[in-house]
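One structure is given below, encoded as structure tokens.
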Amino acid sequence: MKIGVYSNPIKDPDGKVQSMVFAAAEKCGIAAEKYSADGQYGLIVSVGGDGTILRIAKDSAKKGVPILGVNMGSVGFLTEVQPSEIESALNRILSHDYFLERRALIDATCGSDHFYALNDVVIKSGSGRMIAMEVRVAGEVLDRFKCDGYIACTPTGSTAYSLSAGGSVIGPNTPVIALTPINPHTLRTRPIVVGSFENIELKNNGQGDAEIYVDGEHIGGLECGKTISVTGWDMSALFVRFSKTSFYSRVLGKLNAWSATED
């Protein structure tokens, strides 16, 4: 087996943890190299936080290669081990003492452009002013309103931006897409959850341009009158797991730990 090591230089600026992965791989008799999108791997080791994983999740999903996340971030919903556990984790993988967890992606189409998201697709104002949105599900108008933005997310993304905007936490295996408005200027508009294979259309219905973000990355503008379509669950990223701790226990612990701050 050969592994590709993807390290976030901001989280691991001196490359110390990346070097730990290479040393552990050599000790375990595993070939390892720095991750390349063109590489052929049996496993990808991601050194960083959840944001680091988002950068490689789409490539790994397309190739069916599982990810082992080494946590260097503040929350780590998607990561599995700490740096001190790397060698033990690789030995467990060699012994087949692990299981794989699937996390579905959604895909978005805007004109001729097509994108995949493990977390979310977000429409936001580019000017700081509110934007006018029209939301359709399966061709039917769901709502029209003004807001700061709009989120379409996977269950994985339900613990990210959508949660901060008032959306629900959703179990990772629930086949749905969550739709969460950001500061809607209306009393009736609320988050809603729809089926995973519904076709969702998000239209910029106002006079100002909006911006599109996919998993936190700015990918272009949404001009007045233009629409981005979101659907999904035809592709999944795979994550190496060792612990049988339930998602609900995990999310409770992570969110409580994240909320605790030091003076």
Q) Within the side chain of S7, is there an N or O that forms a donor-acceptor pair under 3.5 Å with the backbone of P9? A) no

Q) With side chains defined as the heavy atoms from C-beta onward, is the minimum distance between N8 and R55 less than 4.5 Å? A) yes

(Q) Could you measure the distance from the CD1 atom of I10 to the CE atom of M72? Nearest 0.5 Å is fine. (A) 12.0 Å

Q: Report the C-alpha distance between D113 and I219 in whole Å, list the side-chain angles of each, state the deciding distance to 0.1 Å, and finish with yes or no for side-chain contact (heavy atoms from CB on, under 4.5 Å).
A: CA-CA 10 Å; D113 297 322; I219 54 90; over 6 Å; no

Q. Quick one: does E80's side chain get under 4.5 Å of S243's, heavy atoms only?
A. yes

Q. Would you call the rings of Y35 and Y6 parallel, tilted or perpendicular, where under 30° means parallel and over 60° means perpendicular?
A. perpendicular

Q: Among T156, N119, T154, find the one that has a side chain to side chain donor-acceptor pair (under 3.5 Å) with R103.
A: T156

**Q.** Residue that, paired with L78, satisfies side chain to side chain contact (heavy atoms under 4.5 Å, CB included) out of T52, I67, L118, T159
**A.** L118

Q: Step by step, work out the side-chain contact (heavy atoms from CB on, under 4.5 Å) result for V135 and F145.
A: CA-CA 9 Å; V135 181; F145 52 90; 4.1 Å; yes

Q) Just wondering, more than 12 heavy atoms not from R102 lying within 6.0 Å of its CZ? A) no

Q: Mind listing the closest non-hydrogen atom pair of M133 and C147 along with its distance?
A: CG-SG, 3.6 Å

Q. Shared ILVMFWY cluster between L105 and V193, side chains joined below 4.5 angstrom?
A. no

Q) Got a second to check how far K63's NZ is from Q40's CD, nearest 0.5 Å? A) 5.5 Å

Q: Please collect all ring-ring contact (aromatic ring centres under 6.0 Å, His included) contacts where either partner lies in residues 78-113, sequence neighbours excluded, each pair once.
A: none

(Q) Closer than 3.5 angstrom, by distance alone: can the side chain of S95 be matched with the main-chain N or O of R92 as a donor-acceptor pair? (A) no

Q: For the pair E198 (side chain) and G195 (backbone), establish whether a donor and an acceptor sit closer than 3.5 Å, ignoring hydrogens and angles.
A: no

Q) Considering all heavy atoms of both residues, which atom of A117 and which atom of V214 are nearest to each other, and what is their separation? A) CB-CG1, 3.7 Å

(Q) For the OG1 atom of T186 and the CG atom of D143, what is their distance to the nearest 0.5 Å? (A) 6.5 Å

Q: For the pair N204 (side chain) and G208 (backbone), establish whether a donor and an acceptor sit closer than 3.5 Å, ignoring hydrogens and angles.
A: yes

Q.
So does K16 get a backbone contact from the side chain of D12, meaning a donor-acceptor N/O pair under 3.5 Å?
A. yes

Q: Give the cluster check for V17 versus I30: same hydrophobic cluster or not, with ILVMFWY residues linked at side-chain heavy-atom distances below 4.5 Å.
A: yes

Show every donor-acceptor pair shorter than 3.5 Å between a side-chain atom in residues 167-184 and any protein atom, with sequence neighbours excluded, or say none if there are none.
{"residue": "T174", "atom": "OG1", "partner": "G171", "partner atom": "O", "Å": "3.1"}
{"residue": "T180", "atom": "OG1", "partner": "S162", "partner atom": "OG", "Å": "2.8"}
{"residue": "N183", "atom": "ND2", "partner": "D148", "partner atom": "OD2", "Å": "2.8"}

**Q.** Same apolar cluster (I L V M F W Y, side chains within < 4.5 Å links), I53/I3
**A.** no

Q) Do you reckon L90 sits in the same ILVMFWY cluster as F22, going by side-chain contacts under 4.5 Å, direct or chained? A) yes

Q) Going hydrophobic residue to hydrophobic residue with side-chain gaps under 4.5 angstrom, can you get from I93 over to V70? A) yes

**Q.** From C28 atom SG to M1 atom CE, the distance as rounded to the nearest 0.5 Å
**A.** 8.5 Å

Q) At their closest point, which heavy atom of A237 faces which heavy atom of S60, and how far apart are they? A) CB-OG, 4.5 Å

Q: Give the intermediate values and the outcome of side-chain contact (heavy atoms from CB on, under 4.5 Å) for residues V141 and R136.
A: CA-CA 4 Å; V141 175; R136 289 177 178 263; 3.3 Å; yes

Q | Test item: K62 side-chain N/O and M235 main-chain N/O as donor-acceptor pair under 3.5 Å | A | no

Q) Roughly how far, to the nearest 0.5 Å, is the OH atom of Y150 from the CD1 atom of I200? A) 8.0 Å

Q: May I ask you to decide if G126's main-chain N or O and R129's side chain share a donor-acceptor pair within less than 3.5 Å?
A: no

Q.
With a 6.0 Å cut-off (strictly less than), is the heavy-atom count around NZ of K34, excluding the residue itself, greater than 12?
A. no

Q. Which pairs with one or both residues in residues 215-232 pass side-chain hydrogen bond (donor to acceptor under 3.5 Å, both in side chains), sequence neighbours excluded?
A. K58-D215, E211-H218

**Q.** Within-4.5 Å side-chain heavy-atom neighbours: C224 and D209
**A.** yes

Q. How about F239 and F77: are their ring centres within less than 6.0 Å of each other?
A. no

Q | Inter-residue atom distance I123.CD1 - I131.CD1, 0.5 Å rounding | A | 7.0 Å

Q: Run the numbers on L100 and V240 for side-chain contact (heavy atoms from CB on, under 4.5 Å), then give the verdict.
A: CA-CA 5 Å; L100 295 178; V240 172; 4.0 Å; yes

**Q.** Nearest heavy-atom neighbours spanning G49 and N71
**A.** CA-OD1, 4.4 Å

Q.
Any side-chain to backbone donor/acceptor pair from Y41 onto S36? Under 3.5 Å, distance only.
A. yes

Q: Would you sort out whether K203 and E201 count as a salt bridge (Lys or Arg N to Asp or Glu O under 4.0 Å), showing the intermediate values?
A: CA-CA 6 Å; K203 181 180 180 182; E201 296 174 279; over 6 Å; no

Q.
Restricting to non-hydrogen atoms, name the atom on C110 and the atom on I212 that form the minimum distance, rounded to 0.1 Å.
A. SG-CD1, 4.0 Å

Q: Check the surroundings of atom CG in L94: do more than 12 heavy atoms from other residues, nucleotides or ligands lie under 6.0 Å from it?
A: yes

Q. Would a distance-only check, ignoring hydrogens and angles, find a side-chain to backbone donor-acceptor pair under 3.5 Å from D120 to V122?
A. no

Q) What closest approach, in Å, do I86 and A24 show between heavy atoms, and which atom pair accounts for it? A) CG2-CB, 3.9 Å

